[in-house]
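Heads up, the thing below is written out as C-alpha cells.
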Amino acid sequence: MARRGATTVLQEEINNNEDWTKVMEHQGMYVIEVYAEWCGPCTAMTTYLKKVKMELGNESLRYAIAKSDEINVLERFRNKSEPHWMFFFDGKLVKVIIGADASRITQSIVEEFDQYVKYKNGEIYKEFIPISKVTDEEKKRLMEIENYQKQRSRKEKIIRGLCCFYFLTFDIVCSILLAHCLSICSLQSSKINK
C-alpha cells in the first residue's frame, strides 16, 4: 500500500529488453499494453484499469505498458496503430486482445484474474501461448485488414474506371461540341463571305 501523500504508479513502463526480462520474472498476473512509439499507449483506458484494480483490490494484478520498438520479442507489434493487450500469468502468455474496447478488456481482466487465482490455487490447468506464436486474435485481425484492403482496392479500381469513363465521355462530348461549333462557325463565315 502506498504511503499517505505518495503517488502510486498504475502502469510500469517497459522500454527495453532488460525491463521486459525483469517484468517476466515477477509473480502475478500482468496485463501489458504493447504499443509503438510513434502511436503511444492508449491513455483512454487508464480510468478503466484503475477501476478494475480497485474493485479487485489485489496486488497480484499488475499493469504495464511496453514500447515494442526496443523489445526483441515484441517485434511483430511494431508499426501497429491499435493497442495490443497481453495477459501473463507469472511471466507466461495466456491471452492477447487487440483494440481499445474498454468493456471487453475490463471484462477479460476480471475473468483472467479469476482464472489466475484458480491457477495459483491448483484448481485449474492453464495452457500457455509461446510469445513468438501469432495468436488466433492476431490472425483474425490480419484477415480483417487484408479483406478491408482488398475491398478498398476494388472500390478504387471502380472509381478509377468511372473517372476514366467520365473523362473519356467528357472528352468525346467536348470534341463533338467543338466540331459542331466549328461547323456552325464555318457556315456562318461562309454566309458572311457570300
Problem set entry | In one Ile/Leu/Val/Met/Phe/Trp/Tyr side-chain cluster, 4.5 Å: Phe87, Val110 | yes

Exercise. Does the ring of Tyr119 carry Lys126 above it, NZ/CZ under 6.0 angstrom from centre and within 45° of its axis?
Worked result: no

Problem set entry | Minimum side-chain heavy-atom gap Asp19-Glu13 below 4.5 Å | no

Exercise. Linking I/L/V/M/F/W/Y whenever their side-chain heavy atoms sit closer than 4.5 Å, directly or via other members, would Leu49 and Val94 fall into one cluster?
Worked result: yes

Problem set entry | Lys133 bridged to Glu127 by N-O distance under 4.0 Å | no

Problem set entry | Partner set under side-chain contact (heavy atoms from CB on, under 4.5 Å) for Asp136, not counting sequence neighbours | Lys139

Exercise. Does some side-chain heavy atom of Ile109 sit less than 4.5 Å from a side-chain heavy atom of Glu55?
Worked result: no

Exercise. So, the side chain of Tyr30 versus the backbone of Gly91: is there a donor-acceptor pair under 3.5 Å, distance only?
Worked result: no

Exercise. Can you check whether Arg104's main-chain N or O pairs, donor with acceptor, with Gln107's side chain at less than 3.5 Å?
Worked result: no

Problem set entry | Pairwise distance CD(Glu137) to NZ(Lys95) - rounded to 0.5 angstrom | 8.0 Å

For this session: Determine whether Leu56 and Trp85 fall in the same hydrophobic cluster, where Ile, Leu, Val, Met, Phe, Trp and Tyr are linked whenever their side-chain heavy atoms lie under 4.5 Å apart.
Result: yes

Exercise. How long is the span from the OH atom in Tyr63 to the CD atom in Glu33, to the nearest 0.5 Å?
Worked result: 12.0 Å

Problem set entry | Minimum-distance pair of heavy atoms, taken over all atoms of Ile98 and Glu138 | CD1-CA, 3.7 Å

Exercise. Going from NE2 on His26 to CD on Glu12, what distance comes out if it is rounded to the nearest 0.5 angstrom?
Worked result: 6.5 Å

Exercise. Does the pair Phe88 and Trp20 meet the rule for a ring pair (Phe, Tyr, Trp, His ring centres under 6.0 Å), with working shown?
Worked result: CA-CA 12 Å; Phe88 291 88; Trp20 180 265; 5.7 Å; yes

For this session: Check which hydrophobic residues are tied to Tyr35 through side-chain heavy-atom contacts below 4.5 Å, counting indirect links as well, and list them.
Result: Ile65

Exercise. Nearest heavy-atom pair of Leu74 and Ala66: which atoms, and what distance?
Worked result: CD1-CB, 3.8 Å

Exercise. Between Lys80 and Ala36, what is the shortest heavy-atom contact and its length?
Worked result: O-CB, 4.0 Å

Exercise. Under 3.5 Å, is there a donor-acceptor pair linking the side chains of Glu18 and Thr21?
Worked result: no

Exercise. Got a sec: does the CD of Glu75 have more than 12 other heavy atoms crowding it under 6.0 Å?
Worked result: no

Exercise. Quick check: does any side chain N or O of Lys53 sit under 3.5 Å from a backbone N or O of Leu61, one acting as donor and the other as acceptor?
Worked result: yes

For this session: State the CD-NZ distance between Glu144 and Lys140, to the nearest 0.5 angstrom.
Result: 5.5 Å

Seminar exercise, completed: Here the gap from Glu112 atom CD to Ile105 atom CD1, rounded to the nearest 0.5 Å, amounts to 13.0 Å

Exercise. Out of Ile14, Val34, Asn15, which one pairs with Ile71 under the side chain to side chain contact (heavy atoms under 4.5 Å, CB included) rule?
Worked result: Ile14

Exercise. How many angstroms lie between atom CG of Asp90 and atom CE of Met24, to the nearest 0.5 angstrom?
Worked result: 10.5 Å

Exercise. Taking everything shown except Glu70 itself, do over 12 heavy atoms lie less than 6.0 Å from its CD?
Worked result: no

Exercise. Does the Asn17 side chain pair with the main chain of Asn72, one donor and one acceptor, at a distance under 3.5 Å?
Worked result: yes

Exercise. Side-chain heavy atoms under 4.5 angstrom apart, residues restricted to Ile, Leu, Val, Met, Phe, Trp, Tyr: same cluster for Phe113 and Phe128?
Worked result: yes

Problem set entry | Transitive ILVMFWY side-chain link Ile124 to Val117, under 4.5 Å | yes

